[in-house]
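Worksheet: the structure to be examined is printed underneath.
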Amino acid sequence: MVVAPPNPVRSEKPEPIELPVIDLSADRSEVSKLIVKACEQYGFFKAVHHGVSDDVIAAMEEEGLGFFTKPVCEKQRAGPAGPFGYGIKSIGFNGDSGEVEYLLLHTNPSSISQLSHTISDDPKKFSSAVSGYIEAVKRLACEILDLMAEGLGVHDPSLLSNMIRDVDSDSMFRLNRYPPSSFHTPPPPHRATTSTEIGFGEHTDPQMLTILRSNDVGGLQICVAGGTWVPVTPDPTAFCINVGDVLQAMTNGRFMSVRHRALTNGFKYRMSMAYFGAPPPHAWLSVPPELVTPHRPLLYRPFNWAEYKKASYSLRLGDSRLQLFLK
């Protein structure tokens, strides 16, 4: 269980982790190999030359910033999140909290259109920006999933991507804004410590994969071997891609769904935009036969997304879920 503590998180400043940076415009066979290696070793990588236009990104960032800078009473018209809509501090249904405010949207166009009337003074413009961004990152997610399948040697390279292409896909989109820490006095120059608070507590993403973009403000951390938390250097020119629980299960444990968290920054707002690619609720999720061998026997029993989502919603943010689905 991880909730926002009343006191700041103070620790010796760890060295940032340099995640693999993968150029998606390079030779396809080489790119697929690099993606598989990154997902096996880190569960995360950064994607550049990703094909999502600057205009699409800028339009979404403008709408997100426009919403978050509204007075609280206006933002609350779009809440409370249950689960979709505006939320502040409270995360999920089981008592988790953090120093964050967010908008959670289903990627279904009609759902976006309906909620946009409570979010924006110009709902058509907001809905257009969100839908345009989601379509662009969905295409990116599908391309990455195809590259993963090719690199893994799966017979049907569209097996994974078809799940989020499906009209009934349960994918979601979330805008987060993390405030500056409430402790505004910077440490002396000779002190190598940080003063931060938990924005979004440690967790793994339950879906297939996440496409994350943030501004140039740090805050994302991942948990590496030994339980050490290390910061990820922010890069507004790249997308940060991470493996979700479903993808770990469907790759028979070859890919890692890694625990991560977000901390507040000492003196700046951090805004992030996350697309969570998910299957349809009743899609059957099982390991492709190519990934089961005598040396790597089947790890997880087959299940559907509705079953896994129900289990996720019943647990705290930091609880492990995949162990409930071990064979």
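Residue numbers run from 1 in the order of the sequence given.
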**Request:** Work out which heavy atom in Ala141 is nearest to a heavy atom in Leu209; give both atom names and the distance.
**Result:** CB-CD2, 4.1 Å
**Request:** Answer yes or no: is there a donor N or O on one side and an acceptor on the other, between the side chain of Ser314 and the main chain of Ala311, under 3.5 Å?
**Result:** yes
**Complete:** Taken in chain and number order and not counting sequence neighbours, the residues that satisfy ring-ring contact (aromatic ring centres under 6.0 Å, His included) with Phe255 are none
**Request:** Over all heavy atoms of both residues, which pair between Ala129 and Met60 is shortest? Give the atoms and the distance, please.
**Result:** O-SD, 3.9 Å
**Message:** Would you say that Pro288 contacts Leu159 through its side chain, given a criterion of any heavy-atom pair below 4.5 Å between the two side chains?
**Reply:** yes
**Prompt:** Okay, side chain of Asp319, backbone of Arg316: is any donor-acceptor separation there less than 3.5 Å?
**Reply:** yes
**Message:** For a 4.5 angstrom cut-off between non-hydrogen side-chain atoms, does Leu140 reach Leu24?
**Reply:** yes
**Distance-minimising heavy-atom pair for Asn304 and Leu285** = C-CD1, 4.0 Å
**Message:** Tell me whether Val154 shares a hydrophobic cluster with Met163, the cluster being built from Ile, Leu, Val, Met, Phe, Trp, Tyr side chains joined at under 4.5 Å.
**Reply:** yes
**Prompt:** Can you check whether Lys89 reaches Val100 side chain to side chain, under 4.5 Å on heavy atoms?
**Reply:** no
**Request:** Would you give the length of the straight line joining atom CG of Leu19 to atom OG1 of Thr233, rounded to the nearest 0.5 angstrom?
**Result:** 8.0 Å
**Where at least one partner belongs to residues 138-148, residue pairs that pass side-chain hydrogen bond (donor to acceptor under 3.5 Å, both in side chains), sequence neighbours excluded** = Arg28-Glu143, Asp146-Ser161, Asp146-Arg165
**Prompt:** Without hydrogens or angle criteria, can the side chains of Asp23 and Ser25 be said to hold a donor-acceptor pair below 3.5 Å?
**Reply:** yes
**Residues forming a ring-ring contact (aromatic ring centres under 6.0 Å, His included) with Tyr269, sequence neighbours excluded** = none
**Prompt:** Which residue pairs satisfy the ring-ring contact (aromatic ring centres under 6.0 Å, His included) criterion with at least one member in residues 143-162, sequence neighbours excluded?
**Reply:** none
**Asked** Can you find a pair of side-chain heavy atoms, one from Leu34 and one from Pro20, that are under 4.5 Å apart?
**Response** no
**Asked** Between Leu322 and Gln248, is a side chain to side chain contact (heavy atoms under 4.5 Å, CB included) present by the stated rule, with each step listed?
**Response** CA-CA 9 Å; Leu322 269 177; Gln248 176 171 321; 3.5 Å; yes
**Message:** Test your reading of the model: is there a side-chain donor-acceptor pair from Ser90 to the backbone of Ser97, 3.5 Å cut-off?
**Reply:** no
**Request:** Decide whether Leu104 and Met208 are clustered together by the hydrophobic rule: side chain heavy atoms of Ile, Leu, Val, Met, Phe, Trp, Tyr closer than 4.5 Å, transitively.
**Result:** yes
**Asked** In Å, rounded to the nearest 0.5 Å, how long is the span from NZ of Lys310 to OG of Ser312?
**Response** 12.5 Å
**Request:** Using modelled atom types only, decide if a donor and an acceptor are shared between the side chain of Ser32 and the backbone of Ser29 within a distance under 3.5 Å.
**Result:** yes
**Request:** Could you list the residues that satisfy ring-ring contact (aromatic ring centres under 6.0 Å, His included) with His50, not counting sequence neighbours?
**Result:** Phe239
**Prompt:** Hey, mind stepping through Glu202 and Leu317 against side chain to side chain contact (heavy atoms under 4.5 Å, CB included) and telling me if it holds?
**Reply:** CA-CA 7 Å; Glu202 64 174 275; Leu317 185 63; over 6 Å; no
Per-pair distances, 0.1 Å, donor-acceptor, side chain in residues 74-88, under 3.5 Å, sequence neighbours excluded:
residue	atom	partner	partner atom	Å
Lys75	NZ	Phe68	O	2.9
Lys75	NZ	Glu101	OE1	2.9
Lys75	NZ	Glu101	OE2	3.4
Arg77	NH2	His117	O	3.4
Tyr86	OH	Glu101	OE1	2.6

**Message:** With rounding to the nearest 0.5 angstrom, report the CD1 to CG distance, Ile119 to Leu105.
**Reply:** 5.0 Å
**Prompt:** Sequence neighbours excluded, which residues qualify as salt bridge (Lys or Arg N to Asp or Glu O under 4.0 Å) partners of Asp121?
**Reply:** Lys70
**Item:** Heavy-atom donor-acceptor pair, Asn94 side chain to Leu315 backbone, under 3.5 Å
**Value:** yes
**Prompt:** Within the side chain of Asp166, is there an N or O that forms a donor-acceptor pair under 3.5 Å with the backbone of Asn162?
**Reply:** no
**Asked** Hey, mind stepping through Lys327 and Tyr300 against side chain to side chain contact (heavy atoms under 4.5 Å, CB included) and telling me if it holds?
**Response** CA-CA 5 Å; Lys327 190 174 182 300; Tyr300 303 98; 5.9 Å; no
**Item:** Reported CG-to-CG distance for the pair Leu263 and Leu220, which is rounded to 0.5 angstrom
**Value:** 9.0 Å
**Item:** Heavy-atom side-chain contact between Trp305 and Gln207 under 4.5 Å
**Value:** yes
**Prompt:** So Thr107 and Tyr275, side chain to side chain contact (heavy atoms under 4.5 Å, CB included) or not? Walk me through it.
**Reply:** CA-CA 9 Å; Thr107 58; Tyr275 169 85; 4.0 Å; yes
**Item:** Partners meeting salt bridge (Lys or Arg N to Asp or Glu O under 4.0 Å) with Glu307 (sequence neighbours left out)
**Value:** Arg301
**Fill in**
Applied to residues 237-247, the side-chain hydrogen bond (donor to acceptor under 3.5 Å, both in side chains) test, sequence neighbours excluded, yields Thr204-Asp245, Asp205-Asn242, Asp235-Thr237, Asp245-Ser257, Asp245-Tyr308, Asp245-Arg321
**Residue pairs passing the side-chain hydrogen bond (donor to acceptor under 3.5 Å, both in side chains) test where at least one lies in residues 280-298, sequence neighbours excluded** = none
**Verify same cluster id: Ile134, Val56 (apolar side-chain graph, 4.5 Å)** = yes
**Message:** Test of understanding: clusters of I, L, V, M, F, W, Y form through side-chain heavy atoms closer than 4.5 Å, transitively. Do Leu291 and Val243 belong to the same one?
**Reply:** yes
**Message:** Between His203 and Asp96, do the side chains contain a donor N or O and an acceptor N or O under 3.5 Å apart?
**Reply:** no
**Request:** With rounding to the nearest 0.5 Å, note down the distance linking OH in Tyr178 to OG in Ser272.
**Result:** 4.5 Å
**Asked** With sequence neighbours left out, which residue pairs that include part of residues 50-62 fulfil the salt bridge (Lys or Arg N to Asp or Glu O under 4.0 Å) condition?
**Response** Glu61-Arg213, Glu62-Lys125
**Item:** Check: Thr251 side chain, Leu247 main-chain N or O, donor-acceptor pair, under 3.5 Å
**Value:** yes
**Message:** Taking Ser113's backbone N and O only, do any of them form a donor-acceptor pair with Ser116's side chain (distance below 3.5 Å, no angle check)?
**Reply:** yes
**Request:** Group every Ile, Leu, Val, Met, Phe, Trp and Tyr by side-chain heavy-atom contacts under 4.5 Å, then state whether Val137 and Ile57 land in the same group.
**Result:** yes
**Prompt:** How far apart are the closest heavy atoms of Pro231 and Glu15, and which atoms are they?
**Reply:** CD-O, 3.8 Å
**Asked** Are any of the side-chain heavy atoms of Ile164 and Cys142 separated by less than 4.5 Å?
**Response** yes
Tell me which donor-acceptor pairs under 3.5 Å the side chains of residues 35-44 have, and how far apart each pair is, sequence neighbours excluded?
residue	atom	partner	partner atom	Å
Glu40	OE2	Arg254	NE	2.8
Glu40	OE2	Arg254	NH2	2.7

**Asked** Closest heavy-atom contact between Ile241 and Ala47?
**Response** CG1-CB, 4.2 Å
**Message:** For Lys309, is the NZ atom crowded, meaning more than 12 foreign heavy atoms sit under 6.0 Å from it?
**Reply:** yes
**Message:** Nearest 0.5 Å, please: how far is CD in Gln221 from OG1 in Thr228?
**Reply:** 10.5 Å
**Fill in**
Between Thr264 and Pro179, the two heavy atoms sitting closest are CB-O, 3.3 Å
